[in-house]
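Below is one structure, written out as C-alpha cells; the observations come after it.
Numbered from 1 within each chain, the chains take letters A, B, ... in sequence-line order.
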Number of protein chains: 2
Amino acid sequence: MVHGAEELFARAGHLFVGTTELACAANDLYTWVATQPRHVPPELHPRSMRKLYRPGVLLQPSSTQHLRTVAARGTAVRISQDDINETIILDDRAVILAGAGHGADRNYSVITQPDTIAGVRSLFEAAWRASTELAVCDAQLAELRTLAPRILELLGAGHKDETAARNLGLSLRTYRRRVADVMRALGATSRFQAGVRARELGVL
Amino acid sequence: MVHGAEELFARAGHLFVGTTELACAANDLYTWVATQPRHVPPELHPRSMRKLYRPGVLLQPSSTQHLRTVAARGTAVRISQDDINETIILDDRAVILAGAGHGADRNYSVITQPDTIAGVRSLFEAAWRASTELAVCDAQLAELRTLAPRILELLGAGHKDETAARNLGLSLRTYRRRVADVMRALGATSRFQAGVRARELGVL
DNA sequence: CAACTGGTGGCAACATGCTGCCAACCGCTG
DNA sequence: CAGCGGTTGGCAGCATGTTGCCACCAGTTG
C-alpha cells in the first residue's frame, strides 16, 4: 500500500521494466497517465498492451482523440460498460489496484502474491471479453460527442431541462433523450452521480 | 495570461513579496493553496490577509478544521453565499483572476492595470461585506457536517432517496431536508450541479 | 405543570425528470 | 414513386424530487 503516484513509481517502478504484457483499467485519462517510468527504451516496452476504459471518456473530443492515437500506436483499447476499479496488471508478476482518494492524494495497493494476481487477472479477462473495441464505441458516440459538452455545461450551470433545451434549440423530448444518452455513457443512475462523473472526467 | 500554477508563481511570484494587504476568493481549498511563494520570511508576510470561501467547504470536517487554523493564525476568513470567480488581490498593485480549467491545467490572468484593479477591488469589497464570519457559518453547519459526507456518498453512488434514507435511518422527509441543506451549502440549483460541486470540493 | 422551542416524520400538492408510444419528417434505395 | 430506417417532437403516464403544512415528541425554561 503506497500513497500517491510518485511514491508508487518510486516503490514499484522497477516492476514495470521488462513487463511483456501490460493490461490496465481506468475510468479517466488521468489515472494511469504514465504506464511507463521515464527513460525506458522502446525495446523494453511491453510486447502487448491493453487498456480498458469507460464510455464516458468518449464524450470528450480531446480524450477520444488521445485514445485514438494510443490505439494507433498498437495498444488494444476497449470500452467497458461496467464499473471497474482502476487496475494495472503486469504479466503475472504484479497487479496494482488504485484505492480511495484522487489526484496526488490516492492510495495504491501493489500486490505480488500469485493467487491474488491470478484472481485479478481472471476478473480482468472477463471484463475485457465483455467489452467493446474502441472504434465501435467511437463511431456509436460520434454525434453525441458534439453535443455532450454543451449539455454538460448547461446541466452544470444548474439549468432546468426546459431552458437548456431552448438554449440548444432542441425540443424538451430530444434534449432529455440526449441527457439520457449522456448518462448512459457516464454509467450514472442519477443526475447527481452524472455530475460527479462528468467532473471526474474533466469535462466542465 | 499564464498557464498553470507553476508558471503563475514563476512569472508573478515577485508580486506577492512585500504585499501588505492580501485578499482572495476561492471555491475550494486547492486553488490558492500557497498564497506565498516558498521561502518568504514571516516579516515580509502581508499585514492583513482576508480569504473568502463558499459554504460548501464547511461540509467537510477536514476542510473546516483547516480553515479554523488559518483563521486562528490571524487571517480573516469569511463565507459568501454568492458565486465568486477565484481571485487574488495584492494591495492595489495587482489582481490575479483564475480562468477556465482545473488542477494543473488552468489559466490565470495577472492584471496590473490600475483601473481594472480598482474595479475588481470594489467588487471584492462588496462581496466581502455581504459575507459572513467563518465562526458563524461553522456553527450553523456543525450538525449538517457530520451527515453530509454520508449523504454525498449515497448520492454519488446513484441511490434513490428512498434507499438512501433507509440506509441512514432517516425518514424520506428528513433525508430530503438534509439533501436540500447540502445543496444550499453547495449553492447548487440542481442535483447535477450539486454533484459537480461536491466533486470539485473533493468530497467523494 | 404550562409554555416555548427545535427537530422529526407523515401527508399532500406541485415541479421536475424519465420513457413508451406514435405521428411526422427526413434521406436513402430499389 | 413506394418502401424503409432513423431521428424528431408532442403527448401521456409514471417516477422522482421539492416544499409547505401540520401534528408530534423531547428538551428547556419560566
Side-chain angles (χ1 to χ4, degrees), chain A residues 55-56 58-59 81 136-148 150-199 204, chain B residues 55-56 58-59 81 136-199 203-204:
Chain A
L58 298 179
L59 291 182
Q81 300 296 329
V136 176
C137 286
D138 184 357
Q140 281 170 356
L141 292 176
E143 349 82 67
L144 184 58
R145 185 160 42 237
T146 67
L147 204 51
R150 281 188 293 164
I151 290 179
L152 291 168
E153 193 180 352
L154 289 164
L155 283 171
H159 288 287
K160 308 260 171 249
D161 289 6
E162 177 76 39
T163 61
R166 228 172 318 121
N167 200 306
L168 292 173
L170 296 178
S171 78
L172 194 58
R173 184 67 185 85
T174 311
Y175 172 76
R176 286 178 170 159
R177 260 197 265 260
R178 292 299 91 81
V179 172
D181 293 341
V182 169
M183 287 180 57
R184 193 169 327 109
L186 292 170
T189 60
S190 73
R191 290 204 175 189
F192 185 95
Q193 197 179 24
V196 173
R197 301 212 166 167
R199 194 46 166 63
L204 295 174
Chain B
L58 297 180
L59 290 183
Q81 300 297 329
V136 177
C137 286
D138 184 356
Q140 281 171 356
L141 293 176
E143 347 83 68
L144 184 58
R145 183 160 44 238
T146 67
L147 203 51
R150 282 189 292 165
I151 290 178
L152 290 168
E153 193 181 351
L154 289 164
L155 283 170
H159 288 287
K160 308 258 173 250
D161 288 7
E162 177 75 39
T163 61
R166 229 174 317 122
N167 200 304
L168 292 174
L170 296 177
S171 77
L172 193 59
R173 184 69 185 82
T174 311
Y175 172 75
R176 286 177 169 162
R177 260 196 266 260
R178 293 297 93 79
V179 173
D181 293 342
V182 169
M183 287 180 58
R184 193 170 326 109
L186 292 170
T189 60
S190 73
R191 290 203 176 191
F192 185 95
Q193 195 179 25
V196 172
R197 300 213 167 165
R199 195 45 167 63
V203 200
L204 294 173

Short question: side chain of A:Arg199, backbone of A:Leu204 - any donor-acceptor pair under 3.5 Å?
no

Quick check for you: among D:dG9, D:dG17, C:dG9, whose closest atom lies nearest to any side-chain atom of B:Leu170?
C:dG9

To the nearest Å, how far apart are [X] [atom1] and [N] [atom2]?
X: A:Leu168; N: D:dG9; atom1: CG; atom2: C1'; answer: 15 Å
X: A:Phe192; N: C:dG17; atom1: CZ; atom2: P; answer: 16 Å
X: B:Arg166; N: D:dT16; atom1: CZ; atom2: P; answer: 12 Å
X: B:Lys160; N: C:dC18; atom1: NZ; atom2: P; answer: 9 Å
X: B:Glu162; N: D:dT18; atom1: CD; atom2: P; answer: 15 Å
X: B:Leu172; N: C:dA13; atom1: CG; atom2: C1'; answer: 15 Å
X: B:Tyr175; N: C:dG7; atom1: OH; atom2: C1'; answer: 19 Å
X: A:Asp161; N: D:dG9; atom1: CG; atom2: P; answer: 15 Å

Rounded distance [0.5 Å steps], CZ in B:Arg178 versus CG in B:Leu152
13.5 Å

With rounding to the nearest 0.5 Å, note down the distance linking CG in B:Leu154 to OH in B:Tyr175.
6.0 Å

Using a 4.0 Å heavy-atom cut-off across all strands, classify A:Arg191 as base, sugar-phosphate, or nothing.
sugar-phosphate

OP1 or OP2 of [N] versus the side-chain N and O atoms of [X]: is any pair under 4.0 Å?
X: A:Thr174; N: D:dT8; value: no
X: A:Arg178; N: D:dT8; value: yes
X: A:Ser171; N: D:dT8; value: no

Could you check whether any side-chain heavy atom of A:Asp138 comes within less than 4.5 Å of a side-chain heavy atom of A:Arg145, counting everything from C-beta outward?
yes

Do B:Arg177 and C:dG9 have a side chain to base donor-acceptor pair shorter than 3.5 Å?
yes

Hey, does the side-chain of A:Arg173 have a donor or acceptor N/O within less than 3.5 Å of a partner on the base of C:dG17?
no

Only one of B:Arg191, B:Arg166, B:Arg177 passes salt bridge (Lys or Arg N to Asp or Glu O under 4.0 Å) with B:Asp161, and that residue is B:Arg191

Take B:Arg176 and A:His159, find for each the nucleotide of DNA chain C with the closest heavy atom, and name the residue whose nucleotide sits nearer the 5' end.
B:Arg176

